[in-house]
Amino acid sequence: MRIAITGTPGVGKTTVSKLLAGRLGYEYTSVKDFAVEHGIGKRVGDEIEIDVDELAEIMDETIGKNVVIDGHLSHYVPVDFVIVLRADPKIVAQRLIERDYLKKKVGENVEAELIDEILVEALEENENVIEVDTTGKTPEEIVEEIVHLLEGGVKRRVGIVDWSDRFDDIVEYLRR
Ligand code: ADP
Ligand code: MG
């Protein structure tokens, strides 16, 4: 089956996707690499803007059946399951700062995680959405949780985190 691994930047998508693909014996593909290889998206300033309809169509025609798709746009691709990785917004902030993201970008992504932005997008695209809270878990534990849920026939599990009670800890990242 096709599994999309989505979530806010820094949440652990690439780490988990590669490990999960290995665990299942599936192909691994990243939306970003795929878009570059297939000339999808155009440069706008210092960012690449991807037309998600074009991405979905070309990926659907090109990728295999047993594949893990890594990326914060992967929920736009036709898949059997969308896994939305979640992490405490403070962890997201710390990882993005470590990655030298600009203050503004850190703030935008912390806010996105706080308000469930990717989850909401994923729910607009697919019925089969499974949220996984990665906070305090190793990548291996996260992969086992995903495999367990899929093998158990779980098709949808949403609304498992609420970061609003973390607000006081992350408000500093939201100020501009
Ligand atoms: P994404 O692809 O969502 O941006 P990455 O997989 O690149 O996220 O992970 C971001 C950073 O966090 C990396 O340095 C990675 O090693 C680390 N990381 C990812 N998952 C975990 C985890 N479960 N526990 C601890 N560190 C993690
Ligand atoms: Mg990544």
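Indexing begins at 1, ligand by ligand and atom by atom, following the structure's order.
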Salt bridge check: are [X] and [Y] linked by an N-O gap of less than 4.0 Å?
X	Y	result
Glu98	Arg95	no
Arg23	Glu140	no
Glu145	Arg157	yes
Asp51	Lys42	no

inquiry  = Would the distance check show the side chain of Asn66 and the main-chain N or O of Tyr26 forming a donor-acceptor pair, the cut-off being under 3.5 Å?
reply    =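 No; judged by distance alone, with no hydrogens or angles, the pair does not exist.
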
*Val92 backbone acceptor or donor facing Asn109 side chain under 3.5 Å*: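 The answer is no, because no donor-acceptor pair under 3.5 Å joins these two groups.
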
Interfacing atoms of ligand 1 (cut-off 4.0 Å, heavy-atom, [X]):
X	result
Val11	3 (O)
Pro139	22 (C), 23 (N)
Gly12	1 (P), 3 (O), 5 (P), 6 (O), 8 (O), 9 (O), 19 (C), 20 (N)
Gly10	1 (P), 3 (O), 4 (O), 8 (O), 10 (C)

Using a 4.0 Å heavy-atom threshold (strictly under), name the region of Ile142 that reaches ligand 1: side chain, backbone, both or neither.
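The part of Ile142 near ligand 1 is the side chain, not the backbone.
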
Which segment of Arg99 sits under 4.0 Å of ligand 1 when only heavy atoms are counted:
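Just the side chain.
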
Within the structure, does Thr138 bring an N/O atom to less than 3.5 angstrom of an N/O atom in ligand 1?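 No, there is no polar N/O contact under 3.5 Å.
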
Next on the checklist: Side chain or backbone, does Lys13 bring an N or O within less than 3.5 Å of an N or O on ligand 1?
Outcome noted: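 Min N/O separation from ligand 1 is below 3.5 Å for Lys13.
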
Practice prompt. Report yes if the side chains of Val143 and Val16 come closer than 4.5 Å at any heavy-atom pair, otherwise no.
Written response: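 SC-SC contact between Val143 and Val16 confirmed.
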
Taking the side chain as every heavy atom from C-beta outward, state whether Thr135 and Val161 have any pair of such atoms under 4.5 Å apart.
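Result no, sub-4.5 Å side-chain heavy-atom pair not found.
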
Could you check [atom] against the protein and tell me its nearest heavy-atom contact, residue, atom and distance included?
atom	answer
atom 15 (C) of ligand 1	Thr15 OG1, 3.7 Å
atom 11 (C) of ligand 1	Arg95 CD, 3.7 Å
atom 23 (N) of ligand 1	Lys137 O, 2.9 Å

message: Using the rule side-chain hydrogen bond (donor to acceptor under 3.5 Å, both in side chains), only one of Glu124, Glu54, Glu121 pairs with Tyr76; which is it?
response: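 The residue from Glu124, Glu54, Glu121 that satisfies side-chain hydrogen bond (donor to acceptor under 3.5 Å, both in side chains) with Tyr76 turns out to be Glu121.
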
Check: Does the protein put a heavy atom less than 4.0 Å from atom 13 (C) of ligand 1?
Finding: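 When distances to the protein are checked, atom 13 (C) of ligand 1 has no heavy atom within 4.0 Å.
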
> For the Mg ion (ligand 2), does an N/O/S atom of Thr14 lie at less than 2.8 Å?
Replying inline: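 Checking the Mg ion (ligand 2) against Thr14, an N, O or S atom does fall under 2.8 Å.
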
